[in-house]
2 protein chains.
Amino acid sequence: MARRAQGTAAGLSRERIADAAVALVDRDGLERFGVRRLADELGVDPMSIYHHIKGKAALLDAVSEAVLAEVAAATDDTSRDWEEIARRTAHGYREMAYRHPRVFPLLATRAQTSPVALIALERLVTAMREAGLPEQVVADAPMTLFGFLNGYLLAVLSGESGEDTGTPAIDADTYPTMAALAPLQAGYGSVAEFDRILGTVLGRVQDRAARGGTR
Amino acid sequence: MARRAQGTAAGLSRERIADAAVALVDRDGLERFGVRRLADELGVDPMSIYHHIKGKAALLDAVSEAVLAEVAAATDDTSRDWEEIARRTAHGYREMAYRHPRVFPLLATRAQTSPVALIALERLVTAMREAGLPEQVVADAPMTLFGFLNGYLLAVLSGESGEDTGTPAIDADTYPTMAALAPLQAGYGSVAEFDRILGTVLGRVQDRAARGGTR
DNA sequence: TTTGCTGAACCTACACCGTAGATTACGTGG
DNA sequence: CCACGTAATCTACGGTGTAGGTTCAGCAAA
């Protein structure tokens, strides 16, 4: 609010800006997020931000990177077992998604090429390779795992973080089967549910490996 | 461009607007899409659109609905075999995604409650139920199938539709395994690849069914 | 101490956006 | 022939991202 005079240090830095941006998106959502609002939050002129980050796109990149860094920090890397690594990464990813449901669409939409993402993937595929899994299976693993993680979490969180929290409650007359099934879909955000589905995905990977890989 | 005088009919309708919006997003991308640009494209005052569609959010809903309708139209519903239905729906969905790569993020992000989406799901789960599959398996099917479809297609298309089509070509020194695997990931986007992964997902559903369902 | 430079912060300005509210005129039913 | 609903336009407001210029604390060399 009270902006300092020109030339006075405001203690801005890429990291401080990114953290504030994450907090702002968490609070108000992606729609309402903007450079000016972020500047207000930091008690700073909008243009000051541009001295540390090139533009709004780069700002969103920084947000992605910040929450991904959380995952990396929370995942301990003591294990060498690829399935253990995959499980821990997936659970860490899920927890981050629940911590920042309104940031998550950003991650699912943009291709992840940031170092922190690549390091995690490199660790996973290296472990898989050392375990002797067929090359093609290893090559497909990132896409298989994160493709599903993104799709699943996006669907589960879309109700969780929605601006308007009104589940329309599908019409039982026109969609009888869907309505009948609704109670069975009640437990959809639970860890148990997640772990079960994750297990089937990893099980599939192992099946392919056992069969010898390519097809 | 040449706007007519006030009161003169411009032949606008929800459908015509939605079609033009889809074309505009296809051409310029979601970032550049806006009410004013759409109005320009239609040769119409921006506010005229508001007489047919409530606001920008509703406009994007209309876009989603329009492309989903394409899928429904292209998928013939002669079969009663649930696996056949799932396959055809999935392939139709994929083709739509490739036809409108810049619209697709919209579908993956927003929860689908439009009639056209619900009708397709109702058909699928009804067929599965009639085939005698366990209730919980049927209940999980929509999430399993579309969760994966969305995640996978989002990842594959993010390179396809990118505003800047520069694949960064990961550094072979810092990420040796990832770099070594890159050639094996070349064919990502092909129908064959898609069908293979789809097969594993459907195979998983059948496995669960054979084992008796819940767990 | 004085000088001059660097860079981080601010200020101004512009083009654009979504949309609320008022106005206009065509086509139709009475 | 006239009133009216409707579909279009016009005007205006507050908000956005950001290019370009300005200001000034802090520091290094003279």
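Scope of the values below: all heavy atoms of this structure, side chains included, with no hydrogens, waters or symmetry mates.
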**Study point:** Within residues 53-63 of chain A: residues closer than 4.0 Å to DNA chain C (heavy atoms)
**Key:** none
Study note, to complete from the structure: Numerically ordered, the residues 103-111 of chain B set in heavy-atom contact under 4.0 Å with DNA chain D is none
Point to revise | Atom-to-atom span, OH of Tyr50(A) to P of dG20(D) - whole angstrom | key: 13 Å
Check your understanding: Can Glu41(A) and Arg27(A) be counted as an ion pair, charged N to O under 4.0 angstrom?
Key -> yes
Review point. dG7(C) C1' sits how many Å from His52(A) NE2, rounded?
Key: 10 Å
Check your understanding: Taking C-beta and beyond as the side chain, do Arg87(B) and Asp195(B) meet within less than 4.5 Å on heavy atoms?
Key -> yes
Check your understanding: Sequence neighbours excluded, which residues qualify as ring-ring contact (aromatic ring centres under 6.0 Å, His included) partners of Tyr93(A)?
Key -> Phe104(A), Phe146(A)
Point to revise | Short side-chain N/O contact from Arg37(B) to OP1 or OP2 of dC17(C), under 4.0 Å | key: yes
Exercise for review: Measure the shortest side-chain to side-chain distance between Val156(B) and Arg94(B) over non-hydrogen atoms and say whether it is less than 4.5 angstrom.
Suggested key: no
Check your understanding: Is any side-chain heavy atom of Thr109(B) closer than 4.5 Å to a side-chain heavy atom of Asn150(B)?
Key -> no
Practice item. Measure the distance from CE on Met47(B) to C1' on dA20(C) and round it to the nearest whole Å. Key: 7 Å
Check your understanding: Does any N or O donor sit under 3.5 Å from an N or O acceptor when you compare the side chain of Arg36(A) with the base of dG17(D)?
Key -> yes
Exercise for review: May I have the distance from Asp45(A) (atom CG) to dT23(D) (atom P), rounded to whole angstrom?
Suggested key: 15 Å
Review point. Rounded to the nearest Å, what distance is computed from the CG atom of residue Asp40(B) to the P atom of nucleotide dA15(C)?
Key: 16 Å
Exercise for review: Starting from C1' on dA7(D), measure out to CD1 on Ile17(B) and report it in whole angstrom.
Suggested key: 11 Å
In residues 114-128 of chain A, what donor-acceptor pairs under 3.5 Å come from side-chain atoms, sequence neighbours left out?
from	atom 1	to	atom 2	distance (Å)
Glu122(A)	OE1	Met178(B)	N	3.0
Glu122(A)	OE2	Thr177(B)	N	2.9
Glu122(A)	OE2	Thr177(B)	OG1	3.1
Thr126(A)	OG1	Glu122(A)	O	2.6
Thr126(A)	OG1	Thr177(B)	OG1	2.9

**Study point:** Spacing between His51(A) atom NE2 and dG7(C) atom P, to the nearest angstrom
**Key:** 11 Å
Check your understanding: Can the positive tip of Arg37(B) be found less than 6.0 Å from the middle of the six-membered ring of Phe33(B), inside 45° of the ring normal?
Key -> no
Study note, to complete from the structure: Between CG of Leu38(A) and P of dA9(C) the distance, given in whole Å, is 13 Å
Could you pull out every donor-acceptor pair under 3.5 Å between side chains of residues 59-74 of chain A and any protein atom, sequence neighbours left out?
from	atom 1	to	atom 2	distance (Å)
Asp61(A)	OD1	Arg110(A)	NH1	2.3
Ser64(A)	OG	Leu60(A)	O	3.1
Glu65(A)	OE1	Arg14(A)	NH2	3.4
Glu70(A)	OE1	Arg99(A)	NE	3.1
Glu70(A)	OE1	Arg99(A)	NH2	3.1
Glu70(A)	OE1	His100(A)	NE2	3.1
Glu70(A)	OE2	His100(A)	NE2	2.9

Study note, to complete from the structure: For His91(A), the ring-ring contact (aromatic ring centres under 6.0 Å, His included) test, sequence neighbours excluded, returns Phe194(A)
